[in-house]
Amino acid sequence: MAELLTGQVLRFHADPFTAGPEAAVIDTDGAVLIEGGLIRAVGPAVALRAAHPQVPVTSHGRNLISAGFVDAHVHYPQTAIIASWGKRLIDWLNLYTFPEEMRLADPAYAATIAARYFDLTLAHGTTTVCSYATIHPTSVDAFFEAAQARGLRALTGKTCMDRNAPEGLRDTPQSAHDDSARLLAKWHGVDRLSYVITPRFSPTSSPEQLEALGALWAENPGCLMQTHLSEQTDEIAWVKSLYPTARDYLDTYERFGLVGPGAVFGHAIWLEDREKALLRERDCALVHCPTSNTFIGSGLFDMGGLKAAGHRIGLATDTGGGSSFSMLRTMAAAYEVGQLRGRALHPAELWWLATQGAAQALRLDDRIGNIAPGLEADLVVIDLASTPAIAQATARAEDLWQAAFPTIMMGDDRAVSAVYVGGRRI
Ligand code: GUN
Ligand code: ZN
């Protein structure tokens with residue numbers, strides 16, 4: 001059944017990093033027509049009401065209707081260890097992350113965490129995530145079953161690690177290949193689910209494992225491949241010692257066929273010039289994880305420079321290295337990191353990164369991440385005065401971006417007044 005949603009509707013007709021803030025189209029008295037899980041029309045409410053007089057209307061008042069947030073890099077198994085104190089990357093992995101990921105060997109625990117994770121992300125207005133699972137194939141099943149039950153578009157893959165991880169959290173080149181292939185055949189393209197080939201990162205994969213996963217990707221080029229790249233300087237030094245003949249960190253992936261369109265690299269902070277040039281040439285995606293990069297002390301992603309050079313870039317929480325489930329909080333952190341690098345990101349750029357930019361990074365921008373006819377009806381409705389502090393800051397706003405920026409900087413799940421998944425309000 002069709003439904004007309006009215007409110008202040010925000011969509012993008014271009015990338016604001018290249019087209020400027022005018023890339024955003026804002027219908028202050030706007031409407032979105034949804035039917036059969038899809039967006040059918042968008043425009044001024046008066047015109048859509050007149051064109052569809054029989055369709056029931058749901059008014060969202062002055063609230064902002066946007067595409068649902070897309071979180072391009074997360075670790076759902078780390079839900080319970082978010083905000084763990086005091087470590088940098090490698091120690092954080094060993095002390096907090098690996099023991100927790102071990103617990104997901106129990107399918108019942110994995111199901112509990114997957115359900116908890118989606119409850120949290122949906123409450124924060126995030127309608128698509130691209131997650132790492134654990135090495136356990138059943139952790140992929142738990143994630144996809146929970147996403148499927150909620151009608152979500154969602155992506156994950158079995159995390160592959162065959163070295164530098166504790167006993168019980170290691171696979172082998174062969175089992176990583178075979179388990180990944182089996183899960184891919186089982187889940188990829190089922191409902192709204194996509195399988196992602198997922199070597200954790202070079203330090204925890206042998207060259208033989210990366211080679212096996214490169215071969216699997218070559219056989220399944222329609223899948224994405226996700227991994228981590230150049231997050232911390234100590235990590236990079238470790239990679240160089242583990243792969244002494246590699247030209248740089250990216251070369252450890254390149255030599256095994258893991259650098260191509262559809263590759264999604266998390267963090268990408270400390271890139272060398274050769275790496276930047278190759279990532280651009282091969283149209284790989286880079287994912288900015290600002291709350292994680294400050295929380296674990298990794299560094300300041302060069303959004304201004306990399307966007308100006310034409311890179312495909314999305315935004316992500318990186319929970320639980322990231323310290324929030326909220327893409328609003330993540331936009332705020334991206335703004336703060338931009339300020340520290342001398343580039344104040346415009347609110348239109350921040351919002352675009354959390355919706356269409358992240359969808360582009362996942363090569364799903366023909367389905368999600370914007371409001372346009374034919375796209376899937378995954379929407380978030382945002383109250384721009386959700387707390388007294390935000391309300392008083394927006395009171396004098398003269399345009400939508402002035403009204404939205406306090407919510408970007410100070411908002412959280414209290415700002416999310418409604419979420420639609422595949423056209424269904426949840
Ligand atoms: N590098 C390898 N694994 C991880 C992880 O789980 N989180 C983060 N932030 N970086 C990683
Ligand atoms: Zn990560």
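In listed order, ligands and their atoms are each counted from 1.
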Asks: Using a cut-off of strictly less than 2.8 Å, determine whether His228 has an N/O/S atom near the Zn ion (ligand 2).
Replies: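 A backbone or side-chain N, O or S atom of His228 is under 2.8 Å from the Zn ion (ligand 2).
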Asks: With heavy atoms under 4.0 Å as the rule, classify the contact between Phe98 and ligand 1 as side chain, backbone, both or neither.
Replies: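 Contact part for Phe98 vs ligand 1: neither.
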Asks: Can you list the ligand 1 atoms lying under 4.0 Å from a non-hydrogen atom of Phe201?
Replies: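 Close to Phe201: 1 (N), 2 (C).
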Asks: Give the atom name of whichever N/O/S atom in Asp318 sits closest to the Zn ion (ligand 2).
Replies: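 Looking at Asp318, the N, O or S atom with the least distance to the Zn ion (ligand 2) is OD1.
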Asks: Checking Arg103 against Tyr109: charged group under 6.0 Å from the ring centre and within 45 degrees of the axis?
Replies: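 The answer is yes, since Arg103 meets both limits relative to Tyr109.
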Asks: With heavy atoms only and a cut-off of under 4.0 Å, state how Thr204 meets ligand 1: side chain, backbone, both or neither.
Replies: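 Neither part.
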Asks: Contact between Glu235 and ligand 1, counting heavy atoms under 4.0 Å?
Replies: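 Per 4.0 Å heavy-atom rule, Glu235 does not contact ligand 1.
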Asks: Between the Zn ion (ligand 2) and His267, is there an N, O or S atom separated by less than 2.8 Å?
Replies: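 No, outside the cut-off.
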Asks: Take Arg274 and Glu254 through the salt bridge (Lys or Arg N to Asp or Glu O under 4.0 Å) test and state the conclusion after the steps.
Replies: CA-CA 12 Å; Arg274 192 199 80 88; Glu254 184 185 359; 2.9 Å; yes
Asks: Between Thr97 and ligand 1, is there a nitrogen or oxygen pair with a distance under 3.5 Å?
Replies: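 No, Thr97 has no N/O under 3.5 Å of an N/O on ligand 1.
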Asks: Taking distance alone, with no angle check, do Glu231 and ligand 1 share an N/O pair under 3.5 Å?
Replies: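 Min N/O separation from ligand 1 is below 3.5 Å for Glu231.
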Asks: For Glu349 and Arg343: C-alpha separation, side-chain torsions, deciding distance, then whether salt bridge (Lys or Arg N to Asp or Glu O under 4.0 Å) applies.
Replies: CA-CA 12 Å; Glu349 294 173 327; Arg343 169 74 162 79; 2.9 Å; yes
Asks: Which atoms from ligand 1 have a heavy atom of Leu89 less than 4.0 Å away?
Replies: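 The atoms of ligand 1 under 4.0 Å from a heavy atom of Leu89 are 8 (C), 10 (N), 11 (C).
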Asks: Just jot down the ligand 1 atoms closer than 4.0 angstrom to any heavy atom of Asp318, in number order.
Replies: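 Within the 4.0 Å cut-off of Asp318, ligand 1 contributes 8 (C), 9 (N).
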Asks: Name the orientation class of the two ring planes belonging to Phe201 and His228 (parallel below 30°, tilted from 30 to 60°, perpendicular beyond 60°).
Replies: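 The arrangement is perpendicular - the two ring planes meet at more than 60°.
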Asks: For His267, take its heavy atoms, then give the atoms of ligand 1 lying under 4.0 Å from any of them.
Replies: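 Counting atoms of ligand 1 from 1, those under 4.0 Å from His267 are 9 (N).
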Asks: Is there side-chain contact between Leu152 and Arg192, with at least one heavy-atom pair below 4.5 Å?
Replies: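 The answer is no; the side chains never approach within 4.5 Å.
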Asks: Taking the six-membered ring for Trp, are Trp351 and Trp401 parallel (under 30°), tilted (30 to 60°) or perpendicular (over 60°)?
Replies: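 Taking Trp401 first and then Trp351, their aromatic rings sit tilted (interplane angle of 30° to 60°).
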Asks: With the Zn ion (ligand 2) at the centre, find the angle made by NE2 from His75 and NE2 from His73, to 10°.
Replies: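 For NE2 of His75 and NE2 of His73, the angle centred on the Zn ion (ligand 2) reads 110°.
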Asks: Is there a polar contact, in the sense of an N or O pair closer than 3.5 Å, between Arg200 and ligand 1?
Replies: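 In this structure, Arg200 places an N or O atom under 3.5 Å from an N or O of ligand 1.
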Asks: In terms of the angle between their ring planes, are Tyr335 and Phe405 parallel, tilted or perpendicular, with boundaries placed at 30° and 60°?
Replies: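 If you compare the ring of Tyr335 with that of Phe405, the planes turn out perpendicular.
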Asks: How are the rings of Tyr195 and Phe144 set to each other: parallel, tilted or perpendicular (split at 30° and 60°)?
Replies: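 Tilted.
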Asks: Starting from atom 7 (N) of ligand 1, find the nearest protein heavy-atom neighbour and note its residue, name and distance.
Replies: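 In this structure, atom 7 (N) of ligand 1 has Trp92 CZ3, 3.4 Å as its nearest protein heavy atom.
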Asks: Got a sec: does the CZ of Arg414 have more than 12 other heavy atoms crowding it under 6.0 Å?
Replies: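 Count not over threshold, so no.
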Asks: Applying the side-chain hydrogen bond (donor to acceptor under 3.5 Å, both in side chains) test to Asp71, which of Thr317, Thr126, Thr330 qualifies?
Replies: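 That would be Thr317; it is the only one of Thr317, Thr126, Thr330 passing the side-chain hydrogen bond (donor to acceptor under 3.5 Å, both in side chains) with Asp71.
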